[in-house]
Amino acid sequence: MSEATPLASLTTMRVGGPPRALLTATTPEEVVEAVASVDRAGEPLLVLGGGSNLLVADEGFAGTVVQVATRGITVESADACGGVVVRVAAGEVWDDVVARAVVEGWSGIEALSGIPGSTGATPVQNVGAYGQEVAQTVMHVRVWDRTEARLRTLFNADCEFTYRHSLLKESMRVAGQVTPRYVVLDVTFQLHPTELSQPIGYADLARGLGVEPGARVPLPEAREAVLEQRRRRGMVLDEADHDTWSCGSFFTNPILPREQYAELVARAAARLGATGPVPPKFPGGDGMVKTSAAWLIDKAGFAKGHGLPGPAALSTKHTLALTNRGSARAADLVALAREVRAGVREAFGVTLVNEPVLVGLSL
Ligand SMILES: Cc1cc2nc3c(=O)[nH]c(=O)nc-3n(C[C@H](O)[C@H](O)[C@H](O)COP(=O)(O)OP(=O)(O)OC[C@H]3O[C@@H](n4cnc5c(N)ncnc54)[C@H](O)[C@@H]3O)c2cc1C
């Protein structure tokens, strides 16, 4: 056990003070024991994977961090009917799992290449990119239920996956905690046994591949094209590139009732001219409209690199990423996030919602 490791050294945003205690668990039994003992003691708990979706206060965390460092990828079954059923330990690095799937000819997660962090965190916010999300391939999730103090299996439908959300994430909001009620021990995916990608569902990606949307390409080509797109946007971790000292996208894309989207269009016309650009519009489910947070930020007047030279600034490659230029503190990032959120609200009447989990902080 160590008491002083600052969370800055365990998170991709590279800010945050030390926790009261840090435990590293390398087996599912150790994860359960560590989590259960912290909960029994009534201590605040932060379960940590790769630290790529966390913004931690400069004061640190007044509780215990349990770092999940379990390993293991097991093929449970593989046949033409049921597909390839693969169980992955929560602590496995997600991109290693995707790379293995591409090599093995397991299709269904190739568009999620290059996303940092652990496999156990992927169901928490239903990780997604380039037209795929884990909700499409998660079969079930084995969890430790902290409330009932027992092991459980949550099937896909139990997880209540929606855009960047799930039962697990919701359980944090309900309890006002930074760790879900359900601590993930392993995730079982059902993948397609084929050398071809799933249909390319993202226009830019299709263009990069030189194919029509909906086409299928060899898995390695799909992975390379995704990584190429991500690198251009500063969305692949690179120690030398401050544009990647981030949590990825800092705000989720707003999902608005139709009337609010119409109001947004009117405000955009008033601000940008009647023949000016129109806010992007995607289906948001249940008659809702999803629009683009990056578009709103840009059109509210925050260009790429806003805030440079720092210490905190928007990425020079993508307006949606808040980045640490080297010496930022959590307070600098929170100030920037508030500025952007207030600017977008004033310009368009839309309140952006943060995607990363805030530890000891609020916007
Ligand atoms: C450069 C960059 C690009 C990114 N791109 C994307 C993207 O394209 N799409 C996307 O969806 N996300 C993206 N992200 C966000 C992030 O990578 C994902 O959310 C990732 O799944 C977080 O995993 P992690 O292990 O780092 O979680 P952490 O940051 O360690 O934890 C995040 C939350 O999950 C909880 N958690 C972690 N492990 C477990 C577990 N085993 N059981 C229960 N709860 C757990 C934590 O308690 C915390 O509440 C990006 C981040 C960065 C830095």
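For the numbers below, each heavy atom of this structure counts, side chains included, while hydrogens, waters and symmetry mates do not.
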Set of ring-ring contact (aromatic ring centres under 6.0 Å, His included) partners for Y130, sequence neighbours left out
Y202
Closer than 4.0 angstrom, basic N to acidic O: yes or no for R181 and D39?
no
Applying salt bridge (Lys or Arg N to Asp or Glu O under 4.0 Å) to R216 and not counting sequence neighbours gives none
Checking D158 now: which residues fulfil side chain to side chain donor-acceptor pair (under 3.5 Å) with it, not counting sequence neighbours?
none
In the hydrophobic clustering (ILVMFWY, side-chain contacts below 4.5 Å, transitive), which residues join V85, or is it alone?
M139
D58 side chain to G17 main-chain N or O, any donor-acceptor pair under 3.5 Å?
no
State plainly whether the residues D95 and R223 are in salt-bridge range, i.e. N to O under 4.0 Å.
yes
So CD of E239 and NE2 of H242: to nearest 0.5 Å the spacing works out to 9.5 Å
Residues two or more places apart in sequence or in another chain: which of them pass ring-ring contact (aromatic ring centres under 6.0 Å, His included) with F161?
none
Presence of salt bridge, R150 and D145, under 4.0 angstrom
no
pair V187-R87: side-chain heavy atoms closer than 4.5 Å
no
Does R233 have any salt bridge (Lys or Arg N to Asp or Glu O under 4.0 Å) partners at least two apart in sequence or in another chain, and if so, which?
D204
Min side-chain heavy-atom separation V236-T244 under 4.5 Å
no
In the hydrophobic clustering (ILVMFWY, side-chain contacts below 4.5 Å, transitive), which residues join I255, or is it alone?
Y163, M288
Considering residues at least two apart in sequence or located in another chain, which fulfil the salt bridge (Lys or Arg N to Asp or Glu O under 4.0 Å) criterion with R232?
E228
For the atom pair CD (E355) and OG1 (T252), what is the distance rounded to the nearest 0.5 Å?
7.0 Å
Salt-bridge test for E33 and R40: reply yes if a basic N is under 4.0 Å from a carboxylate O, no otherwise.
yes
List for me each residue that meets side chain to side chain donor-acceptor pair (under 3.5 Å) alongside T291, sequence neighbours excluded, and say none if there are none.
none
If only atom types and distance count, is the side chain of E110 paired as donor or acceptor with the main-chain N or O of Q198 below 3.5 Å?
yes
According to salt bridge (Lys or Arg N to Asp or Glu O under 4.0 Å), who are the partners of E212, at least two apart in sequence or on a separate chain?
none
Check: Q132 side chain, A111 main-chain N or O, donor-acceptor pair, under 3.5 Å:
yes
Which residues pass the ring-ring contact (aromatic ring centres under 6.0 Å, His included) test with H318, not counting sequence neighbours?
none
Under the rule for ring-ring contact (aromatic ring centres under 6.0 Å, His included), what residues qualify as partners of F348, not counting sequence neighbours?
W295
Using the side chain to side chain contact (heavy atoms under 4.5 Å, CB included) rule, take V340 and L314 through it: C-alpha gap first, then chi angles, then the decisive distance, then the call.
CA-CA 10 Å; V340 169; L314 297 186; 4.2 Å; yes
Can you check whether A135's main-chain N or O pairs, donor with acceptor, with N156's side chain at less than 3.5 Å?
yes
